[in-house]
Amino acid sequence: MSYENSYDLCSNLNKEQDSEFTRMTDKAVSRRGFLGGMGALSVGAFIGLTPIAQSVKAAMGTTVHSQLIGFKPIPASTADKVVVPEGYKVTNLISWGDPIFTNAPEFDPSGKAPAADQALQFGDNTDGMSLFPLSDDRAVLAVNNEYTNNDLLFAHKGEKMTADDVKKAQNAHGVSVFEITKTADGWQVDRSGKLNRRITANTPMQLTGPAAGDALLQTEADPTGTEVLGTFNNCANGETPWGTYLTCEENFHGYFGTADDSYEVPAAQQRYGVKPADKRYQWSKFDSRFDLAKNPNEPNRHGWVVEIDPMDPESKPLKRTALGRFKHENAALMIDNSGHAVVYLGDDERGEHLYKFVSKGKYNPNNKAANRNLLEEGTLYVAKFHADAGELKGKGKWIELSFGKNGLTPENGFNSQAEVLIHTRLAATQVGGTTMDRPEWVAVHPNKSSACCTLTNNKNRGNKDNQPVGGPNPRAGNKYGQIVRWTPSNGDHTAAEFDWDLYVIAGNPAVHAGGLQAGTSNITRENMFNSPDGLGFDQGGRLWIMTDGKYSNKDDFAGMGNNQMLCGDPQTGEIHRFLVGPIASEVTGLTFSPDYKTMFVGIQHPGEKGKPSHFPGGGDSKPRSTVVMITREDGGVIGA
Ligand code: FEO
Ligand code: CA
Ligand code: CA
Ligand code: CA
């Protein structure tokens, strides 16, 4: 979604938590004070990482000192194009509406094409994606298609919806899976690929894991509570070493509604923002599955992480309930040294939480198929951060979300593990998880030493009783966002305890003379940005940061330009601007070719809300979400 996740949730939380945080204002913690705090951190707290202050000087400017980063940083841009450093080039791979089958029609910009066309074409609003190699010059790309924009999808801009329009929007959602081949001109889509597949809001899927079959998941059409249609609002992603794709359901609540005035949304669903009004998508008017009064449990069947086998187009996607139900951003899966699969998960809403799943079983590197059900069973935890007054680092704990423990009992409204998972947010509140500034993507360092999560922004911080200022959320009315980093105890990602610090606090040093609004010392006039969202490490350990922020380039955001991608060095703390997107776009979605010489980047919703973009076609063409490829003219590794 955009800067302010357009859904505003007013949850009636009764929280008693974070009392350990002392209120920390900009006055109390200066930019310099932050560095002092960081400098005092013991190096031993981080394996393979150096606290930022040890090597970053405020006057870093555009000079690159990093051994990891080899490109010349670029300035901010407000141009209607993708800008990259000298020696790099940009090629388009696929745009919304492009055919992914040989029998698919070409894109029709009129907004009058039928639903059947969209079912054979690349979906809209490209987001998280993963590449699965088939050989050196062949691969499968799985790409999320998060949502749709009525003004671009329909000639009538959503004013005169029909049943076929709803079907068309449903077909523009989900996941696009297609083969790509490497040619002399770079990677290209192979429309004849045998693995090509569209997964939409109507594709049959299975609910699996501890919540499958629960009464709360049963509907008239599916009394078993296990057979669900479709996935939508697929935000970011994950991938497993056993070769599957994880697509994460985010703002599922916005697709439901009802015209029945007597219907009252249950409190547990209100916590997820479910409302009777459905002005935006209007699916409930033409598809009774989305009518809350007729199918009150249907929203419970969405908000999960879905596992897809990209190598078998006939396979049924599996909704993994063990990973919890919330507004999932991505699923950062790593194999811990103990052999357990650990998945870090953010819930992107103001004041929601950061989670960790640990598989019950262990990964078997010698038998891929034996790992197929690792995400079926395990333990879910929510993060609780601790910090001393004025500190921007501290310790933290993962609190178990298991039925019968930590107050997750019938007296508190939890009757089974299924209910704990279906109502994950309520469970996290019950155990006192820390309310965060909208956790977006999590990325785990390739050496497994640490993990980072983007906390994109949060206007409610400090303005509502349940969201105290402090710890990893140090600013009231947080406009710019920050990236929190944690190092598990003894390098063990299954451990209950961790140390944390902030890799960066974004800010605007050109507008704010000092304090936290200017950002940490690794933020300069040259690299400033707001609202970090997409996040990923490459094999070399470079941290790629994508933004979904205010692109007004005015006032608090003056000098930041369009949304962008930056490259961070975890060792030195340096951050350099690598790419800037076109007008009114978000940069989201990242994967690489196996040789790391082609970077695939998602340019989402250029020209949203009627803004003057014509990307990628130029002229007066309709703006279209597009996956672009970044390569080096000398054929080298991206970023090096
Ligand atoms: Fe789909 Fe939180 O971004
Ligand atoms: Ca988005
Ligand atoms: Ca996002
Ligand atoms: Ca975002």
Side-chain angles (χ1 to χ4, degrees), residues 1-9 123-130 143-149 172-175 231-238 246-255 272-273 280-281 302-306 326-332 344-355 425 436-443 452-461 478-483 506 529-536 544-551 557 560 562-566 581 584-591 601-605 608-609 625:
M1 282 292 150
S2 47
Y3 176 78
E4 287 176 359
N5 205 333
S6 36
Y7 302 102
D8 206 344
L9 177 72
D124 201 358
N125 279 282
T126 184
D127 209 315
M129 61 183 148
S130 297
V143 189
N144 288 348
N145 298 116
E146 190 182 30
Y147 68 104
T148 52
N149 305 77
H173 281 73
V175 182
T231 186
F232 42 86
N233 218 278
N234 302 81
C235 185
N237 64 310
L246 304 175
T247 185
C248 305
E249 299 176 345
E250 193 185 18
N251 290 301
F252 63 88
H253 65 292
Y255 298 83
Y272 288 84
R280 181 171 177 171
Y281 294 106
H302 304 276
W304 304 103
V305 172
V306 188
F326 40 94
K327 294 182 186 173
H328 282 283
E329 190 71 18
N330 78 336
Y344 289 110
L345 307 148
D347 181 357
D348 179 11
E349 189 129 31
R350 299 179 195 105
E352 290 297 339
H353 304 282
L354 177 66
Y355 296 88
R425 285 182 165 184
M436 306 296 284
D437 286 350
R438 297 184 55 197
E440 300 245 34
W441 297 44
V442 178
C452 295
C453 178
T454 43
L455 301 170
T456 196
N457 59 55
N458 181 2
K459 69 180 180 188
N460 290 350
R461 175 68 53 192
N478 180 8
K479 291 185 176 92
Y480 299 116
Q482 64 270 12
I483 298 178
F529 61 92
N530 75 91
S531 306
D533 183 338
L535 196 66
W544 298 92
I545 304 163
M546 292 163 272
T547 73
D548 172 22
K550 289 268 198 207
Y551 42 73
F557 307 95
M560 293 180 171
N562 295 347
N563 276 309
Q564 54 195 276
M565 176 190 254
L566 304 108
S585 69
E586 170 186 345
V587 181
T588 183
L590 173 69
T591 191
V601 183
I603 302 298
Q604 193 189 54
H605 63 64
E608 69 168 358
K609 297 172 187 155
S625 291

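We count ligands from 1, going down the list as the structure has it; atoms in each ligand are counted the same way. Along the sequence shown, the residues carry numbers beginning at 1.
- Considering only heavy atoms from C-beta on, Asn145 stays 4.5 Å or farther from Phe232 through its side chain.
- Distances from atom 2 (Fe) of ligand 1 to the N/O/S atoms of Asp348 are shortest for OD2.
- With hydrogens and angles disregarded, a donor-acceptor distance shorter than 3.5 Å links the side chain of Lys327 to the backbone of Tyr272.
- The CZ atom of Arg438 sits 10.0 Å away from the CG atom of Asn478 when rounded to the nearest 0.5 Å.
- Not a single N/O/S atom of Asp533, whether from backbone or side chain, sits less than 2.8 Å from atom 2 (Fe) of ligand 1.
- In this structure, OE2 of Glu250 and OE1 of Glu329 enclose an angle of 90° at atom 2 (Fe) of ligand 1, rounded to 10°.
- Angle OE2 (Glu440) to the Ca ion (ligand 4) to OD2 (Asp548): 170°, rounded to 10°.
- When the N, O or S atoms of Glu440 are ranked by distance to atom 2 (Fe) of ligand 1, OE1 comes first.
- Among Thr547, Asp533, Asn530, the single residue meeting the side-chain hydrogen bond (donor to acceptor under 3.5 Å, both in side chains) criterion with Asn563 is Thr547.
- Nearest N/O/S atom of Asp533 relative to the Ca ion (ligand 4): this is OD2.
- A donor atom on one side chain and an acceptor atom on the other are not found under 3.5 Å apart for Thr247 and Asn237.
- Between Tyr344 and Asn330 there is no side-chain heavy-atom pair separated by less than 4.5 Å.
- Classification of Asp437 and Arg350 as a salt-bridged pair fails, no side-chain N sitting under 4.0 Å from a carboxylate O.
- Not a single N, O or S atom of Asp348, from either the backbone or the side chain, sits less than 3.0 Å from the Ca ion (ligand 4).
- For residue Asp548, no N/O/S atom approaches atom 2 (Fe) of ligand 1 to within less than 2.8 Å.
- Taking the Ca ion (ligand 3) as reference, the nearest N/O/S atom within Glu329 carries the name OE2.
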